[in-house]
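See below for the structure under consideration.
In what follows, every chain begins at residue 1, and chains take the letters A, B, ... in the order their sequences are listed.
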Amino acid sequence: MKVATWNVNSIRTRLNHIVNWLQENPVDVLCLQETKVMDESFPHQPFADLGYHTYISGQKSYNGVAMLSREPLSNVSTGFAPLLGEAVIDLDEQKRVIAGTLDGIRIVNLYVPNGSSVGSEKYAYKLRWLAALRDYVQRLGDLGGTGVEEETSPAPPLPSSLLLCGDFNIALDDIDIHDPTGREKMVMATDLERQALQAVLALGFADAFRKFTTEGGNFSWWDYRSAAFRRNLGWRIDHIYLTPALYERAIACTIDASPRKLEQPSDHTPVWVEL
DNA sequence: ATGGCTCCCCGTGGGAGA
């Protein structure tokens, strides 16, 4: 099974890039972030023509996530509320979470808030959102990864098969930044953000990309400005995290930089894992 | 460097992204 993640920065602007990429890379599941489209305007048909089912959680102008899958997903859910209830219901106003199950693997597609700048309101929101994500993932593990509250059948054995992917807007390691100088003041690289993400990963996840590639200089996002892509001034902020059995099973994890070379590209490029 | 580039919107500049 191949699962990919891609922040497309507007699905309507990037539609041809996505369709062409799927034709070249017919992954089983493609998780998208920053679709920037309301659900009633989502372009289902081009993906249906390629044989993909579409699952969406969108809003006007900002955010928005979607999952495309060759086979139907089960137990699709959006937001934190299905597992966390009313306590963090306000965090679901921004559409950043969608999850579904395929072949016993719970796939969670995430668009972590950017955080704007260190010390800003948006930065505080990002940290609060990551704390909620930790609770959400812990609850998911407690449920055996089904994402379903009702336990009508015996829970599957733990550890659950969980896959977290998406735009995390955090570079966990200095080698994931082209130049980490001064990173403690840079959003996406501060200790508080890293600690908040590590608290999620401590529930039992490993970075699929780092199973195969230990070198720095591998990035998934490059700023539109200053010819950053041409100069490879990037960050690795799009991640795929796996629970232990899936991590053992993984046979490849690759960043495909080729769509970033096209005309009018997203500033992010796809990352995929083969299980 | 209130810089750089690109996205969106009942837009014609400003907010947001990262």
Side-chain angles (χ1 to χ4, degrees), chain A residues 5-18 31-43 56-66 90-91 93-97 109-130 133 165-194 196-197 209 216-239 255 257 259-271:
Chain A
T5 178
W6 191 2
N7 178 324
V8 292
N9 186 15
S10 171
I11 195 168
R12 288 176 291 186
T13 299
R14 227 64 63 199
L15 187 56
N16 288 340
H17 288 192
I18 302 167
C31 297
L32 302 173
Q33 304 89 36
E34 279 206 272
T35 52
K36 294 186 173 181
V37 64
M38 289 188 287
D39 288 351
E40 55 265 39
S41 303
F42 189 93
I56 61 178
S57 181
Q59 64 181 91
K60 192 199 290 191
S61 301
Y62 304 114
N63 310 311
V65 286
D90 60 301
L91 295 180
E93 291 169 9
Q94 298 182 18
K95 305 307 180 188
R96 298 178 176 276
V97 180
N109 175 21
L110 302 166
Y111 176 43
V112 177
N114 166 274
S116 186
S117 59
V118 178
S120 67
E121 282 186 22
K122 289 188 172 68
Y123 182 77
Y125 182 92
K126 181 179 193 174
L127 295 176
R128 180 167 165 253
W129 195 95
L130 288 163
L133 176 63
C165 71
D167 176 2
F168 284 78
N169 271 322
I170 295 171
L172 264 186
D173 198 290
D174 288 354
I175 66 169
D176 297 321
I177 310 171
H178 67 88
D179 180 6
T181 305
R183 64 100 183 154
E184 53 278 345
K185 293 186 190 318
M186 297 159 59
V187 74
M188 305 194 294
T190 64
D191 288 335
L192 284 178
E193 290 164 87
R194 288 179 173 182
L197 179 51
F209 184 76
N218 292 284
F219 308 124
S220 64
W221 172 83
W222 299 261
D223 199 305
Y224 283 124
R225 299 166 292 189
S226 308
F229 180 67
R230 182 177 55 73
R231 302 156 66 197
N232 198 28
L233 304 181
W235 294 56
R236 194 174 72 91
I237 56 177
D238 300 271
H239 306 151
I255 300 171
R260 189 63 177 79
K261 302 172 184 171
L262 301 172
E263 290 294 316
Q264 205 178 5
S266 170
D267 43 356
H268 298 250
T269 206
V271 183

Over all strands shown, is A:Y111 touching base, sugar-phosphate only, or nothing at heavy-atom distances under 4.0 angstrom? sugar-phosphate

Just checking A:D167: base, sugar-phosphate only, or nothing, at a heavy-atom cut-off of under 4.0 Å? sugar-phosphate

Short side-chain N/O contact from A:R14 to OP1 or OP2 of B:dC7, under 4.0 Å: yes

Work out how far the P atom of B:dG3 is from that of B:dG15, and round it to whole angstrom. 12 Å

Side chain to side chain donor-acceptor pair (under 3.5 Å) involving A:Y224 - partner list, sequence neighbours excluded: A:N9

Sorted by number, the residues of residues 172-181 of chain A with heavy-atom contact under 4.0 Å to DNA chain B: none

If you look only at pairs with a residue in residues 112-122 of chain A, which of them pass as a side-chain hydrogen bond (donor to acceptor under 3.5 Å, both in side chains), with sequence neighbours excluded? none

For B:dA18, take OP1 and OP2 only and decide whether either is under 4.0 Å from a side-chain N or O of A:H268. yes

In this structure, how many angstroms lie between the C1' atom of B:dA18 and the CD1 atom of A:I170, rounded? 12 Å

If you check every side-chain atom of A:Y224, which of B:dT6, B:dC8, B:dA18 has the closest atom? B:dT6

Residues that A:D267 engages under side chain to side chain donor-acceptor pair (under 3.5 Å), provided they are two or more places apart: A:W221

With a cut-off of less than 4.0 Å, is there a side-chain N or O of A:S10 near OP1 or OP2 of B:dC7? no

Considering only atom P, compute the distance from B:dG11 to B:dA1 and round it to an integer number of Å. 35 Å

Using OP1 and OP2 only, check whether a side-chain N or O of A:S116 sits under 4.0 Å from B:dA18. no

What interatomic distance, in whole Å, is found between C1' of B:dT6 and the corresponding atom of B:dA18? 12 Å

Would you mind classifying the nucleic acid contact of A:N114 as base, sugar-phosphate or nothing, using non-hydrogen atoms under 4.0 angstrom? base

With sequence neighbours excluded, what pairs up with A:K126 under the salt bridge (Lys or Arg N to Asp or Glu O under 4.0 Å) test? A:E193

By side-chain contact (heavy atoms from CB on, under 4.5 Å), A:N232 pairs with (sequence neighbours left out) A:F219, A:W222

Is the base of B:dG11 syn or anti, where syn means the angle lies within 90° of 0? anti

My understanding is that only residues two or more places apart in sequence, or in another chain, count here; which of them pass salt bridge (Lys or Arg N to Asp or Glu O under 4.0 Å) with A:D90? A:R128

Qualifying residues under salt bridge (Lys or Arg N to Asp or Glu O under 4.0 Å), relative to A:R236, sequence neighbours excluded: A:D176, A:D207

Is there a side-chain contact between A:L192 and A:L127, using heavy atoms and a 4.5 Å cut-off? yes

Would you measure the distance from the C1' atom in B:dG4 across to the matching atom in B:dC9 and give it in whole Å? 23 Å

If you assign each of A:W221 and A:P265 to its closest nucleotide in DNA chain B, which residue comes earlier from the 5' end? A:P265

Which parts of nucleotides 10-15 of chain B does protein reach within less than 4.0 Å, heavy atoms only, written one letter per nucleotide 5' to 3' as B for base, S for sugar-phosphate only and - for none? S-----

A:N109 side chain to A:A66 backbone, donor-acceptor under 3.5 Å: yes

Any side-chain N or O of A:Q33 below 4.0 angstrom from OP1/OP2 of B:dG17? no

Euclidean distance for C1', B:dC7 against B:dT12 (whole angstrom): 16 Å

Residues at least two apart in sequence or cross-chain that pass salt bridge (Lys or Arg N to Asp or Glu O under 4.0 Å) with A:R194, listed by chain then number, are A:D174

Taking the minimum atom-to-atom distance to the side chain of A:N9, which one of B:dA18, B:dC9, B:dC7 wins? B:dC7

Counting any heavy atom closer than 4.0 Å, what does A:N7 reach on the DNA or RNA strands: base, sugar-phosphate only, or nothing? sugar-phosphate

In whole Å, measure the gap between the C1' atoms of B:dT2 and B:dA16 for me. 15 Å

Stepwise, does the side-chain contact (heavy atoms from CB on, under 4.5 Å) test hold for A:D238 with A:F168? CA-CA 6 Å; A:D238 300 271; A:F168 284 78; over 6 Å; no

Please list, for nucleotides 2-4 of chain B, all pairs of protein and nucleotide N/O atoms separated by less than 3.5 Å.
from, atom 1, to, atom 2, distance (Å)
B:dG4, N1, A:R225, NH1, 3.1

Taking A:S220 for its side chain and A:I237 for its backbone only, find out whether a donor-acceptor pair lies under 3.5 Å. yes

Residue pairs passing the salt bridge (charged side-chain N to carboxylate O under 4.0 Å, His left out) test with at least one member in residues 223-235 of chain A, sequence neighbours excluded, are A:D223-A:R225

